[in-house]
Amino acid sequence: MINVTLKGGEIRQYEAGTTALDVAKALGSGLYKAACACKINGEPCDLRTALPDGCELAILTFDDAEGKHAFWHTASHIMAQAVKRLYPDVKLTIGPAIENGFYYDFDAGEPLTPETLEKIEAEMKQIVKEALPLERFELSPNEAVKLMEAKNEPYKVELIREHAEKGEPISFYKQGEFTELCAGPHLPDTGRVKAFKLTSCTGAYWRGDAKNKMLQRIYGTAFPKQSELDAHLTQLEEAKKRDHNKLGRELELFTTSDVIGQGLPILLPKGARIVQILQRFVEDEEQKRGWLLTKTPFMAKSDLYKISGHWDHYKDGMFVLGDEEKDDEVFALRPMTCPFQYQVYLNRQRSYRDLPMRLGETSTLFRNEDSGEMHGLIRVRQFTISEGHLVLRPDQLEEEFKGCLDLAKYCLGTVGLLDKCTFRFSQWDPANPNNKYEGTKEQWDHAQSVMERILKDLDVDYTIGIDEAAFYGPKLDIQYKNVYGKEDTLVTIQIDMLLAERFGMYYIDENGEKKLPYIIHRTSLGCYERTLAMLIEKYNGAFPL
């Protein structure tokens, strides 16, 4: 017999070899039918995983985020299987679950059309009717490569070879004749995906890189019941009406021009007036709260970005002016304001009496976003932001962080966006393979523990985002969903314990000793273009006074 701790702390005994699906069945037919996946000792797993003695078990349904993920990921596999049945020569790439559904990228020889999607949906219904079990198995990297080479799936071979260096087994899922490279978890069988709809087909570069081949991406969504799918599709139709990219143009708030370029919107008089009102409101409110206004250049020599670390960590996202190999001086348009505002602090020697120093700016920034990532006013290449940097003594950190959060909540609440905002504590990933972060593990552990304590003291209800931190420190992201349910960041508040030393930003303490300050990077209303987009969608173009 094995002991299993259920949700709520109840401990029950089961026969050795019992699976999570067996437990769900024993707990009730309703839970058995609704179960999508499970968590064993906090780790998402398939329902057919045998339970170890002494484990903690949570059954996940479609109401749980991880349950939705397993449901939509399984629907993605069903779609890929349908495509391979209809078009055997199509090459498979990746097909993850995403917010509100799933997608799959295919290397297809011919364009996929609405008529094609109808055929794929019909074949998916057949696969659901077959109720094929999803069976997980593992192979060594060499065996995995041979399997995918035999199936003539070059993209899968590429992915496997990337993981082969670790020497760890490669996991697959098999459903009928279809075998997919995947970590899981998945539903027990295809018959549980009762209602689905393929919503669109677009182009997408392999790995999001314009240098790679253009693939065809099919988006879809799925639900346990047809009524839930119908409600979702109705909501999507309403979202299309409120989409700022459509409504904002119809109301003549903004436009774009091919001869100017993608991601460079033009605010028309009505839109420009709204943004002007917002900027004046924010600047006045910041002044009331002790923020000092600065105006800094739109560009700088590469020297500045090399000191801050942005040249090493962010150069690909910058617009660089000049050639490092040929020119004596290379400039870049600024993607952020922090290293510019630090020069205000460095204008003269600072004392502990000068701190905190709150520097705010209405900053126009430039970021070289990928063409596939840009959307209306939400993600653009030039934008204006209510940016600020707060230089302070360590003993002032919690009080000033609270002030930044109060300011952000006040600004978002005033324009009516706060009620639907969520909070994310964005942390580093020490295993990040791209060496994304500055500093030592000890410095990061310290910064994150300080921020965790502050968020607890301020009673902030947040989720955790691993590998979402800035390269120099953890941050609190205030998130907001657009009409399609996609989440974007409106406001960030970041704790930085690293960059002051890079710039030599010392102050003299009360004992006459040189000390390094902490820095808080923050926005108060965030990006004005993105805020305007959210306001268009929230108010359906009928803005409040």
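S426 and D477 are linked by a side-chain donor-acceptor pair at a separation below 3.5 angstrom, with hydrogens and angles left out of the test. T256 and R249 form a side-chain donor-acceptor contact under 3.5 Å, judged by distance and modelled atom types alone. Between the side chains of D230 and Q226, at least one donor-acceptor pair of N or O atoms lies under 3.5 Å. Defined by atom type and a distance below 3.5 Å, a donor-acceptor pair is present between the side-chain atoms of R334 and T296. Side-chain atoms of S386 and S524 form a donor-acceptor pair, as typed in the model, at a separation below 3.5 Å.
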Check against salt bridge (Lys or Arg N to Asp or Glu O under 4.0 Å), R280 and D284: CA-CA 6 Å; R280 287 174 173 175; D284 288 348; over 6 Å; no
Trace of the ring pair (Phe, Tyr, Trp, His ring centres under 6.0 Å) decision for Y352 with Y507: CA-CA 6 Å; Y352 71 97; Y507 67 92; 7.7 Å; no
Chi angles and distances behind the salt bridge (Lys or Arg N to Asp or Glu O under 4.0 Å) call for E468, K475: CA-CA 8 Å; E468 297 289 346; K475 56 182 176 149; 5.9 Å; no
Steps toward side chain to side chain contact (heavy atoms under 4.5 Å, CB included) verdict (Y506, R350): CA-CA 7 Å; Y506 293 95; R350 300 294 175 180; over 6 Å; no
Pair R453-E398, salt bridge (Lys or Arg N to Asp or Glu O under 4.0 Å): steps then yes or no: CA-CA 9 Å; R453 176 178 55 77; E398 182 162 355; 2.8 Å; yes
Step-by-step side chain to side chain contact (heavy atoms under 4.5 Å, CB included) determination, K441 to W428: CA-CA 10 Å; K441 181 180 184 301; W428 82 318; 4.1 Å; yes
Verdict with reasoning, E66 to K39, per salt bridge (Lys or Arg N to Asp or Glu O under 4.0 Å): CA-CA 9 Å; E66 297 96 333; K39 273 187 176 181; 2.7 Å; yes
Candidate pair Y472 and Q494, rule side chain to side chain donor-acceptor pair (under 3.5 Å), full reasoning: CA-CA 9 Å; Y472 46 77; Q494 308 170 20; 2.6 Å; yes
Verdict with reasoning, L377 to L253, per side chain to side chain contact (heavy atoms under 4.5 Å, CB included): CA-CA 11 Å; L377 297 176; L253 297 169; over 6 Å; no
Stepwise side chain to side chain donor-acceptor pair (under 3.5 Å) test for Q279 and T362: CA-CA 7 Å; Q279 288 177 358; T362 302; 5.4 Å; no
Candidate pair T492 and R522, rule side chain to side chain contact (heavy atoms under 4.5 Å, CB included), full reasoning: CA-CA 6 Å; T492 65; R522 70 99 187 106; over 6 Å; no
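Nearest heavy-atom pair across F425 and Q448 is CZ-O, 3.6 Å. The two residues D406 and R289 come nearest to each other via the heavy atoms C-NH1, 3.8 Å. For A222 against V193, the heavy-atom pair with the smallest separation is CB-CG1, 3.9 Å. Looking at every heavy atom in both residues, I218 comes nearest to C201 through CG1-SG, 4.1 Å. Residues V491 and A408 share a closest heavy-atom pair of CG1-CB, 3.8 Å. Summarising the geometry of G208 relative to D370, their closest heavy-atom pair is O-OD2, 3.5 Å, with the distance given to 0.1 Å.
Classified by interplanar angle (parallel below 30°, tilted 30° to 60°, perpendicular above 60°), the ring pair Y410/F281 is tilted. In this structure, Y437 and W444 have perpendicular ring planes: the angle between them is above 60°, well past the 30° mark. Note on ring orientation: taking the six-membered ring where Trp is involved, the planes of H232 and F223 are tilted (angle from 30° to 60°).
When the shell of 6.0 Å around CG of D461 is examined, it contains 12 or fewer heavy atoms from other residues, nucleotides or ligands. Within 6.0 Å of NZ on K211 lie no more than 12 heavy atoms contributed by other residues, nucleotides or ligands. Around CD of E252, the count of heavy atoms belonging to other residues, nucleotides or ligands within 6.0 Å does not exceed 12. Residue-environment remark: CD (Q287) stays at or below the threshold of 12 foreign heavy atoms within 6.0 Å. Annotation: K306, atom NZ; neighbour count of heavy atoms from other residues, nucleotides and ligands within 6.0 Å is above 12.
Ionic pairing of K288 and E285 is present here: one or more N-O contacts between side-chain nitrogen and carboxylate oxygen are shorter than 4.0 angstrom. Between E238 and R242 there is a salt bridge, with a side-chain nitrogen of the basic residue lying less than 4.0 Å from a carboxylate oxygen of the acidic one. Taking the charged nitrogens against the carboxylate oxygens, R367 and D316 have no contact shorter than 4.0 Å, which rules out a salt bridge.
In this structure, the ring of H73 has its center no less than 6.0 angstrom from the ring center of F102. Ring centroid separation for the pair H389 and Y345 does not come in under the 6.0 Å cut-off. Aromatic pair F71/F62: ring centres closer than 6.0 Å. Separation of the H310 and F471 ring centroids falls under the 6.0 Å cut-off.
A heavy-atom distance below 4.5 Å is not found between the side chains of L57 and T5. Side-chain contact check for I520 versus D496: every heavy-atom pair is 4.5 Å or farther apart.
Atom NE2 in H69 sits 11.5 Å away from atom CD in E99 (nearest 0.5 Å). Here the NZ-CD distance, from K246 to E250, works out to 3.5 Å after rounding to the nearest 0.5 Å. Annotation: the span from L405 atom CG to I493 atom CD1 amounts to 4.5 Å, rounded to 0.5 Å. The CG atom of L412 sits 6.0 Å away from the CG atom of L418 when rounded to the nearest 0.5 Å. To the nearest 0.5 Å, atom CD of residue E529 and atom CG of residue L267 are 6.0 Å apart. With values rounded to the nearest 0.5 angstrom, T364 atom OG1 is found 8.5 Å from E361 atom CD.
Checked options Y103, F196, Y484; the residue passing with Y219 is Y103 (criterion: ring pair (Phe, Tyr, Trp, His ring centres under 6.0 Å)). Exactly one of E387, E286, E400 qualifies for a salt bridge (Lys or Arg N to Asp or Glu O under 4.0 Å) with R358. That residue is E400.
Taking the ring axis of F331 as reference, the NZ or CZ atom of K301 does not stay both within 45° of it and closer than 6.0 Å to the ring centre.
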